[in-house]
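The structure appears right after this line, and notes come after that.
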Amino acid sequence: MMTRNSLDNLATPVDKSHTSEDGNPGVATPATMAPPSKPEVKVDIEHVHVEDDPRSWSNTRKNTILVIISGASMIAGLSANIQNPANAQIESQLHATSQSISLSLSLFILVQGNVPLIWSALSEIKGRKPVYLVSIAIFAVCSAIVAISRSIGLVIGMRVLQGAGSSSVISIGAATLADIYEPHQRGTMMGIYYSAPLLGPSLGPIVGGALTQGLDWRAVFWFLCIWGGIIVFAFAFLFKDTFRKERSPIYQNILKRRVKERKETEAKKARSGDVTPATARPSEEHVPGVDEKAGRQVPTPKDLEAHRATSVVVSTEVMKEVKPSLADVNPIPPYLRVLRRKNNLAILIPSGLLFAFSFSITYTCARTLADTYGYNALTTGLVLLAYGIGSMAGSVLGGRWSDRTLARLKAANGGTSYAEMRLESTKPAMLFFPPAVIGYAWTCQERVHISAVCVMLFLCGFFSIWIYSSTLAYIVDANVGRSSSAVATNSSFRGLFAFVAAEVAVPLQNAIGDGGLYTLWAGLMLFAQGMILLVLYKGRKWREQSIEAETARQDRKDAA
């Protein structure tokens with residue numbers, strides 16, 4: 001029969017209070033060595049010892065993972081835009097209305113933005129690899145069904161499922177990078193990773209136009225099916241799962257709840273006389289900052305991941321005995337936990353606006369080039385490539401600048417960093433981004449030579465993604481242990497904002513022209529930049545207050 005002491009020792013509490021001498025959150029270190037009979041140790045959950053630590057893998061393996069998830073993320077950008085050149089053929093052959101075609105596009109982006117909440121929750125229980133395999137397989141199968149569809153209703157339905165299947169990498173792709181890279185490396189790697197889907201809005205019209213003109217609209221979706229199949233193969237045979245449940249607060253909290261339920265069941269059996277022997281025993285976890293052989297504390301690096309943890313590290317043997325199931329997965333609580341932090345809400349709004357701007361400018365520019373300049377689908381795609389190239393350059397260079405800025409500020413702060421430091425790198429781009437948007441607005445409005453339009457597209461893509469890549473890295477860094485949920489929440493905001501942008505873009509373009517529409521967008525970008533600066537200067541205080549509140553709530557639950 002389980003004794004009270006053995007039940008109490010099932011979970012090992014995590015430090016909730018360690019702060020460095022300068023008041024900054026530092027690496028959590030144990031205050032005292034726990035006796036062997038009661039292994040209660042204080043650890044930073046992000047640096048809990050795990051077997052086969054992904055952050056210790058070789059650069060070759062890490063680069064392979066980066067290439068695979070980048071290739072998968074390109075699906076999201078391609079599939080959202082590749083249909084545009086084929087819309088006329090689809091409307092004609094399937095006897096569809098323009099409203100139906102518009103619905104197939106807007107519903108796709110809305111679903112693609114919100115389903116990552118489900119994929120994220122699943123990945124925190126079952127791991128990253130199974131979610132990648134299932135979701136991309138759904139995308140590939142639905143692409144094939146669209147290719148053989150004979151009605152617009154089936155096309156819309158399958159496009160919705162396509163959006164769901166293509167969306168997993170949007171959330172857990174960034175979480176995968178957080179699994180294998182330390183914070184000081186993430187800006188650069190996020191920039192490289194995010195440059196792949198940024199090519200989608202530009203390559204989509206080119207690929208779609210070429211396939212539609214050379215074959216027909218169905219070839220577009222056969223292309224997506226083949227690409228999805230290649231990615232499924234890569235995940236199946238070349239990708240090694242990076243998820244470690246010991247470092248997941250979501251997994252740990254679910255497991256803790258199951259342990260509590262198990263204790264209650266054992267207590268009921270004991271009271272009823274049905275005695276069950278204890279099979280699970282606590283095992284002592286490795287504690288970062290402790291030399292196990294010498295029994296003394298050793299230095300550990302101060303970094304922005306060493307926050308005050310709010311989760312529980314359950315012993316390894318108990319993990320084998322009690323395992324969460326799909327019934328424990330509910331995407332709403334992680335979503336609400338992310339939104340409960342003011343710094344998250346304040347950064348998610350500008351992130352959504354920046355993505356909506358990117359979606360709007362590629363969507364409306366295609367109409368302008370067709371109606372005003374008389375370009376066909378393929379030529380339109382070639383012009384839009386300027387925006388894609390600018391976005392890629394901004395993503396890579398902005399990511400590198402973000403890492404350099406973080407390293408410089410960390411050195412100036414005595415070797416201690418915190419998440420908000422990264423947002424300092426957005427300031428140079430903020431000076432030029434709104435003027436570039438206004439420049440694009442009036443070059444289109446006044447029908448200036450196409451070379452000027454290309455330059456403005458390049459600059460808009462460059463500066464918008466420079467800012468966006470830093471905000472995405474901040475969202476990961478500021479949500480230690482729950483990066484997948486945070487990025488999924490960001491995806492939800494992106495999808496909602498882009499859906500609204502897609503619905504209002506054409507009416508506004510017809511009413512006030514490109515000049516008025518993108519002057520309005522320049523004002524919204526100024527507002528977004530103001531929100532980012534607010535997080536830069538106030539976000540740390542808000543975040544620490546939220547962590548303290550979460551700790552207090554967890555303590556109350558533990559005492560219940």
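By convention here, the first residue in the shown sequence is residue 1.
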Using 0.5 Å steps for rounding, measure from the [atom1] atom of [X] to the [atom2] atom of [Y].
X	Y	atom1	atom2	result
Ile75	Ser70	CD1	OG	12.0 Å
Leu133	Phe235	CG	CZ	7.5 Å
Leu496	Leu348	CG	CG	11.5 Å
Lys427	Leu536	NZ	CG	5.5 Å
Ile532	Ile349	CD1	CD1	11.5 Å
Leu406	Arg422	CG	CZ	5.0 Å

Can you name the nearest heavy-atom pair linking [X] to [Y], along with the distance?
X	Y	result
Gln112	Ser79	NE2-OG, 4.1 Å
Ala505	Leu517	O-CD2, 4.1 Å
Ile347	Leu423	CD1-CD1, 4.2 Å
Ile467	Gln529	CD1-OE1, 3.8 Å
Gly165	Phe139	C-CB, 4.0 Å
Ala478	Arg341	O-NH1, 3.2 Å

I'd like a table of donor-acceptor pairs (distance under 3.5 Å, sequence neighbours excluded) in which one partner is a side-chain atom from residues 519-528, with atom names and distances.
from: Thr519; atom 1: OG1; to: Trp442; atom 2: NE1; distance (Å): 3.1
from: Thr519; atom 1: OG1; to: Gly515; atom 2: O; distance (Å): 2.6
from: Trp521; atom 1: NE1; to: Ser360; atom 2: OG; distance (Å): 3.4

For [X], give me all partners under side chain to side chain donor-acceptor pair (under 3.5 Å), at least two apart in sequence or on another chain.
X	result
Ser135	Ser168
Lys541	none
Tyr132	Thr176
Asn490	Ser351, Tyr468

Derivation and outcome, salt bridge (charged side-chain N to carboxylate O under 4.0 Å, His left out), residues Arg543 and Glu420: CA-CA 10 Å; Arg543 180 166 48 81; Glu420 287 71 24; 2.6 Å; yes

Result of checking Asn344, Thr426, Asn343 against Tyr474 for side chain to side chain donor-acceptor pair (under 3.5 Å):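 Looking at Asn344, Thr426, Asn343, the match for Tyr474 under the side chain to side chain donor-acceptor pair (under 3.5 Å) is Asn343.
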
Taking the side chain as every heavy atom from C-beta outward, state whether [X] and [Y] have any atom pair closer than 4.5 Å.
X	Y	answer
Ser358	Ser391	no
Ile65	Lys62	no
Cys460	Ile361	yes

Test side chain to side chain contact (heavy atoms under 4.5 Å, CB included) applied to Met430 and Leu533, step by step: CA-CA 10 Å; Met430 287 182 178; Leu533 292 175; 3.9 Å; yes

Kindly write out the residues that satisfy side-chain contact (heavy atoms from CB on, under 4.5 Å) with [X], not counting sequence neighbours, or none if the list is empty.
X	value
Leu345	Leu339, Phe493
Val134	Trp119, Ile138
Leu534	Lys538, Trp542
Val500	Val504

Exercise: do Ser425 and Ser470 side chains pair donor with acceptor under 3.5 Å: yes

Matching residue for Phe433 among Trp466, Phe462, Phe463, Phe357 - test: ring pair (Phe, Tyr, Trp, His ring centres under 6.0 Å):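 Going through the options one by one, the only one that passes is Phe357.
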
Salt bridge (charged side-chain N to carboxylate O under 4.0 Å, His left out) contacts touching residues 523-537 (sequence neighbours left out):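 Residue pairs with at least one partner in residues 523-537: there are none.
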
Heavy-atom donor-acceptor pair, Tyr440 side chain to Leu459 backbone, under 3.5 Å: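 Answer holds: no.
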
Residue Arg404 excluded, over 12 heavy atoms near CZ under 6.0 Å: no

